[in-house]
Amino acid sequence: MELILASQSPRRHEVMRWMGIPCGTEVCTEPECVPDGLSCSETVMHLAKQKAEFALRLHPDACVIGADTVVYQDDEIIGKPKSEEEAIRTLHRMQGRSHTVFTGLAVLKRGYEDVRYVATHVTFRKMTDREIRWYVSTGEPLDKAGSYGVQGLGCVFVESIEGNYFNVIGLPAPILYEMLLQAGAVSEDRK
């Protein structure tokens, strides 16, 4: 069965490679649409399912994976920064504090649907203004929810992680593997 990852994220594709699971790509071109009143976990599940449904319409005989990741702090979803200044403000806000990374996962195929979320708590160490400005100047924070990448230069600012590390990258590998096994998209011996 063909497996499609409905994401353009190079980090998610890298996690799939680490898992040893080959997949194709289909990027959702529909605008994200979230109904009012959803919790953070409901929001990421809704968006992951929306992306997977889009890919499934284009690949009806495939098993598709949708994922959506956000950073949540102070009852607010922190997405990707729109500018360097926004990234600097976000990192100032997060330094020396904890936040939660939520990823919604959707595994869909014809007649089958499994939608879940994973939450991981991350604590940043205190950072100087000079460190923050240097980090933002590298460009790494500009395409990442929460303005940092734990798998890159941003790793030096992460003091602790409570929960799944891969979730912070954007694709919680153990949970996704379990979902793919249950969907019959992969087998334990990978045959």
Side-chain angles (χ1 to χ4, degrees), residues 1-34 40-71 79-80 100-120 122 138-155 158 161-191:
M1 171 180 298
E2 182 183 23
L3 189 61
I4 301 290
L5 178 59
S7 176
Q8 64 185 352
S9 164
R11 292 164 297 282
R12 288 191 179 122
H13 285 277
E14 187 172 22
V15 173
M16 292 297 290
R17 283 192 300 277
W18 292 341
M19 293 170 64
I21 301 175
C23 64
T25 302
E26 189 62 60
V27 178
C28 182
T29 56
E30 294 177 340
E32 292 183 349
C33 179
V34 180
C40 192
S41 58
E42 291 168 333
T43 297
V44 293
M45 289 189 297
H46 176 83
L47 290 172
K49 184 178 175 187
Q50 179 182 341
K51 293 172 184 179
E53 287 173 337
F54 176 86
L56 189 59
R57 284 193 301 275
L58 298 176
H59 303 272
D61 295 325
C63 181
V64 299
I65 303 163
D68 192 76
T69 301
V70 299
V71 169
K80 295 178 184 178
T100 305
V101 177
F102 285 88
T103 298
L105 289 172
V107 173
L108 307 180
K109 63 181 187 178
R110 193 178 312 173
Y112 181 87
E113 176 182 304
D114 187 358
V115 182
R116 306 182 196 184
Y117 79 94
V118 177
T120 302
V122 179
T138 69
E140 183 178 277
L142 299 179
D143 72 336
K144 294 171 181 65
S147 301
Y148 74 97
V150 70
Q151 75 286 1
L153 299 170
C155 69
V158 176
I161 295 175
E162 222 180 291
N164 186 274
Y165 167 81
F166 294 99
N167 184 46
V168 185
I169 296 174
L171 200 64
I175 294 12
L176 177 58
Y177 178 66
E178 177 185 310
M179 292 170 76
L180 293 172
L181 281 171
Q182 290 177 358
V186 299
S187 65
E188 292 174 348
D189 60 5
R190 306 290 174 91
K191 291 181 182 176

message = Per the salt bridge (Lys or Arg N to Asp or Glu O under 4.0 Å) rule, what does the pair list look like for residues 19-28, sequence neighbours excluded?
response = none
request  = Go through the steps to decide whether Ile4 and Thr25 satisfy the test side-chain contact (heavy atoms from CB on, under 4.5 Å), and finish with yes or no.
outcome  = CA-CA 5 Å; Ile4 301 290; Thr25 302; 6.0 Å; no
query = Is there a side-chain contact between Ile161 and Val150, using heavy atoms and a 4.5 Å cut-off?
reply = yes
ask   = Quick one: salt bridge (Lys or Arg N to Asp or Glu O under 4.0 Å) pairs with a partner in residues 104-113, sequence neighbours left out?
value = Lys49-Glu113, Asp61-Arg110
query = So, His13 side chain and Gly24 main chain: donor-acceptor pair closer than 3.5 Å or not?
reply = no
ask   = Does the side chain of Gln50 reach to within under 4.5 Å of the side chain of Leu47, using non-hydrogen atoms?
value = yes
ask   = If every non-hydrogen atom of Ala173 is compared with every non-hydrogen atom of Phe166, which pair is closest and at what distance?
value = N-CB, 3.7 Å
request  = Working to the nearest 0.5 Å, report the span between CG of Leu142 and OG of Ser147.
outcome  = 7.5 Å
ask   = If you count the non-hydrogen atoms of other residues, nucleotides and ligands that lie under 6.0 Å from CD in Gln182, is the total more than 12?
value = yes
task = Determine whether the side chains of Asn164 and Thr120 contain a donor N or O and an acceptor N or O closer than 3.5 Å.
result = no
request  = Return each pair, listed once, that meets salt bridge (Lys or Arg N to Asp or Glu O under 4.0 Å) where at least one residue sits in residues 162-175; pairs must be two or more places apart or across chains.
outcome  = none
request  = Mark yes or no for whether Lys144, through its side chain, and Glu140, through its backbone, hold a donor-acceptor pair below 3.5 Å.
outcome  = yes
task = May I have the step-by-step check of side-chain contact (heavy atoms from CB on, under 4.5 Å) for Leu176 and Ile65, ending in yes or no?
result = CA-CA 9 Å; Leu176 177 58; Ile65 303 163; 3.9 Å; yes
inquiry  = Determine whether Thr103 and Asp68 satisfy the following criterion, side-chain contact (heavy atoms from CB on, under 4.5 Å), listing intermediate values before the conclusion.
reply    = CA-CA 5 Å; Thr103 298; Asp68 192 76; over 6 Å; no
task = Would you check, one step at a time, whether the test side-chain contact (heavy atoms from CB on, under 4.5 Å) holds for Tyr177 with Leu180?
result = CA-CA 5 Å; Tyr177 178 66; Leu180 293 172; 5.6 Å; no
request  = Taking all heavy atoms of Ala67 and all of Leu171, pick out the closest pair and write down the distance.
outcome  = CB-CD1, 4.0 Å
